[in-house]
Amino acid sequence: MIRTPMTEVFGIQHPIMLAGMNWISSPRLVAAVCNAGGLGTLAIAQYSPEDTRKQIRQIREMTDKPFMVNQPLYRGWAKENIQAAIEEKVPFINYSLGKPWFIDQVHAYGGKVVGTIAIARHAARAAELGCDALIVTGHEAAAHGADATSLVLTPFVTSMVKIPVIAAGGFYDGRGLAAALSLGAAGISMGTRFILTQESPVHDNFKQLCLKATEQDTIYSSAFDGMPGRALKTPLAEKIAQGDSFSLLRAIPNALEIKKILKQNWGQFLGTAWKMMSGEGGDFVQMARLANGTMRHQKAIYDGDTKEGFMFAGQVTGPIRDLPPVKTLIDRIMAEAEATLRKTGALAAS
Ligand SMILES: Cc1cc2nc3c(=O)[nH]c(=O)nc-3n(C[C@H](O)[C@H](O)[C@H](O)COP(=O)(O)O)c2cc1C
């Protein structure tokens, strides 16, 4: 048993979190992590507010444990989704890529807000704003990050803020958990490792590609969806990163597909597009990349289409070699972390 500020603040058994991952961190996977003693996070960026509510209710049918939702705030429909989560009184709300306006509302019903950051000065700001905990994402991570690796960023941020810090990016086993605790973190968040489990909804074609990949087989580029992010190296991912496959024309049907998925009317759709274009760093090319990237991501994850789809993945895809059930994985990580900490402690005692 390892008790940390993360297990205390979130009322969970183990300091292990399922990262919010678009299309992947779905109710079944969230509930599996919660029921195994970890903290499950539902990604809601790809849902309409009604679907966000449905998914939250589905989780509540599968577990009575606390869970979290994750929403990147730069998406034009973030406000409505966050509002739906607040009305559902989700215990923990995790945001990324933006500034939270809802901290007091969440605190008012006894909930907690968790900020995701990849730059140290953003961590200090999030703590000042009133966040209850932080997820700190290193460069090794799948999807969006910045330049500093977990080894540099984690101890830097833990010495800057007083709230619990959850280290993300590059974690997949008990040695990593022990290392994160040694760096001052209160626990770890894992994305790629949970993609490679029995309960993950990712198509087997991409699970098998990840299992075969080495630690060198990811690409970091802003061509995937308009923001710097890390994806599994495939022939299509290489083409996208080189700029060979970018098409403004393809963005139109893809944007219309997203409108359908989000169940938006034309007013909502155009309002969303306007909000995103006028936001920080938003422009037409970035929006086109996001539309193309979103649909290509879905093709990989749900259809297993290796020719038309790409998938975000972290460098840990290299060492991961199996597809265990979630509970087996979490129990294994905890046993290995305890053994590692005992071994490390013995070094200091001798
Ligand atoms: C397919 C995929 C989708 C992701 N979508 C989101 C998202 O919607 N919101 C978010 O904050 N992070 C997202 N992430 C990043 C993860 O939350 C997390 O930071 C990352 O997976 C941690 O690195 P690791 O894969 O090395 O464990 C995504 C990651 C992947 C692999």
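FYI, side chains are in, hydrogens and waters are out, and symmetry mates aren't considered; it's all heavy atoms of this structure. Whatever order the structure lists them in is the order used to number ligands and atoms, beginning at 1.
- Ring pair His139/Tyr220 is perpendicular by interplanar angle, where above 60° counts as perpendicular and below 30° as parallel.
- With Tyr95 as the fixed residue, the side chain to side chain contact (heavy atoms under 4.5 Å, CB included) test singles out one of Val113, Val69, Thr116: Val113.
- The shortest distance between side-chain heavy atoms of Phe206 and Thr306 falls below 4.5 Å.
- Heavy atoms only, all atoms of each residue included: Phe312 and Ile195 are closest at O-CD1, 4.2 Å.
- When heavy-atom distances to ligand 1 are checked against 4.0 Å, the residues falling inside are Ala19, Gly20, Met21, Asn22, Ile24, Asn70, Pro72, Ser96, Thr137, Ala141, Ala142, Ala143, Gly169, Gly170, Met190, Gly191, Thr192, Ile195, His297, Phe312, Val316, ordered by chain and number.
- Counting heavy atoms from C-beta outward, Glu338 and Ile2 have side chains that approach closer than 4.5 Å.
- Ring pair His297/Phe310: centre-to-centre distance below 6.0 Å.
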